[in-house]
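All heavy atoms count here, side chains included; hydrogens, waters and symmetry mates do not. Given the structure is predicted, the values throughout are model-derived calculations rather than measurements.
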Amino acid sequence: MKLGTRLPLLFKNSRFETFLADLSAAFISVPADQVDTQIVAGLRQIVEFLGIDRSGFGELVAEQNKIAITHSYEVPGVPPTPRIYVEAHWPDYASKVQVGEPFRVPEDLPAEATAERDYLAQVDLKSQFTIPLKMAGAVVGAIGFASFRSPLEWPEDLVLRLRLLGDVFNYSLARKHAYEALQRANQQVRILREELTRANEHLRAAVGQALEQKSQELTQQQEASRIRQLVDSLKPREREVFLLVAAGKLNKQIATRLGVSLQTVKLHRGRLMRKLQVHSVAELARLAEKARTLLPSL
């Protein structure tokens, strides 16, 4: 079978143009996350339309600066295109791709392309035609068409049309990559938003804790100031009695300590309770406890 002998039939009544339009329409309508599946379906359509045995597609992996074979379709009984980095296995073939012009295999391979010729012999590939694909003048991938039954002719008018097919795949993958980049960016935004939310929660908790601590300190300062004013209103003997009460001494102990009668201690205690604005011994004891805590210098 020679492809050249079948061209008039392929191009008559604009069959190829209709085929290209239908293929393009399918890629335009496919969601970005289904582009890979559509590429394989498109390669199958190409194989069946041209009557060849295999078609494969590769794209430039920017991080590696190498072309990886990513998609292919082959008729039953034909070996699949290996998923490899082309430069690592077929360096001379990769060099031809980087030139950016369509080429035939094995005819256009250099004589020293031993790895490529060994592969051709291994799988019994008769004819391969590869079209490098460009974007903004740089090679970003390639599409290949292969026959395992017989050598094929690749006339220029067919090459022009096959290049258009490759461009359909190329731009569809670009759309997919843009979609994936957007998804990654959105995911990063979500992560940053979550981190910001957590940081705000921690900040609010820290500020709340600091404000609570400050409020407690201010309350203690105000209470200490109030108690200081109350204590300062006491006469020296009343102050002595109060401080002994604050130290936990009983009335008899205070009387002995000060060398006064128990009645005198009770008299002083009654006066200081009025000045300190307390109405029971329990309140006096609590005030004394606060004084001992808040005013350790007393």
Note, Leu152 side chain near Phe129 side chain (heavy atom, < 4.5 Å): no

Verify same cluster id: Val159, Ile143 (apolar side-chain graph, 4.5 Å): yes

pair Phe49-Leu165: side-chain heavy atoms closer than 4.5 Å: no

Electrostatic pair Arg286-Glu283, nearest N-O below 4.0 angstrom: no

Residue pair Val47 / Asp53, side-chain heavy-atom distance below 4.5 Å: no

Within one Ile-Leu-Val-Met-Phe-Trp-Tyr cluster: Leu272 and Leu250, side-chain cutoff 4.5 Å: no

Contact check, side chains of Leu120 and Gln128, non-hydrogen atoms, under 4.5 Å: no

Short side-chain to backbone donor-acceptor contact, Ser24 and Leu20, under 3.5 Å: yes

Side-chain (Gln34) to main-chain (Pro31) donor-acceptor, under 3.5 angstrom: no

Neighbour count >12 (heavy atoms, 6.0 Å) for atom NZ, Lys249: no

Test side chain to side chain contact (heavy atoms under 4.5 Å, CB included) applied to Asp108 and Thr130, step by step: CA-CA 10 Å; Asp108 295 333; Thr130 299; over 6 Å; no

Check: Glu212/Gln216 side-chain N/O donor and acceptor closer than 3.5 Å: yes

Taking every non-hydrogen atom, the tightest pair across Ile131 and Arg163: CD1-N, 3.7 Å

Contact check, side chains of Lys275 and Lys235, non-hydrogen atoms, under 4.5 Å: yes

Side-chain donor or acceptor of Ser215 paired with backbone N/O of Leu211 under 3.5 Å: no

Side chains of Lys66 and Val61 in contact at under 4.5 Å (non-hydrogen atoms): no

Verdict with supporting geometry, Leu230 and Phe242, side chain to side chain contact (heavy atoms under 4.5 Å, CB included): CA-CA 11 Å; Leu230 291 174; Phe242 173 72; over 6 Å; no

Side-chain touch Leu50/Leu162, heavy atoms, less than 4.5 angstrom: yes

Heavy-atom side-chain proximity of Thr264 to Leu258 below 4.5 angstrom: no

Flag for Arg190-Gln187: side-chain donor and acceptor within less than 3.5 Å: yes

Val86 with Met135, same ILVMFWY side-chain cluster at under 4.5 Å: no

Donor-acceptor contact present, side-chain Gln38 to main-chain Val30, <3.5 Å: no

Spatial distance of atom CD (Gln45) from atom CG (Asp22) [nearest 0.5 Å]: 8.0 Å

Non-hydrogen atoms of Leu43 and Ser55 that approach each other most closely: CD2-OG, 3.3 Å

Glu59 side chain to Val140 backbone, donor-acceptor under 3.5 Å: no

Spacing of Ile28 atom CD1 and Leu23 atom CG [to the nearest 0.5 Å]: 10.0 Å

Enclosure of Glu112 CD (heavy-atom neighbours >12, cutoff 6.0 Å): yes

Within one Ile-Leu-Val-Met-Phe-Trp-Tyr cluster: Val40 and Ile46, side-chain cutoff 4.5 Å: no

Closest heavy-atom pair and its distance - Arg226, Glu223: NH2-OE2, 2.7 Å

Any donor-acceptor N/O pair, Arg175 side chain to Tyr171 backbone, under 3.5 Å: no

Arg149 versus Gly51, closest heavy-atom pair with distance: NH2-O, 3.0 Å

Thr81-Arg54 side chain donor-acceptor pair, cut-off 3.5 Å: yes

Heavy-atom pair of closest approach, residues Gly137 and Lys134: O-CD, 4.1 Å

Side chain Asn170, main chain Leu133, donor-acceptor under 3.5 Å: no

Cluster overlap Val123 with Ile69, hydrophobic side-chain contacts below 4.5 Å: yes

Considering all heavy atoms, the nearest Phe57-Gly166 contact: CE1-O, 4.4 Å

Qualifying residue for ring pair (Phe, Tyr, Trp, His ring centres under 6.0 Å) with Tyr93, from Tyr119, Tyr85, Phe103: Phe103

Salt-bridge criterion met for Arg239 and Asp232 (N-O under 4.0 Å): yes

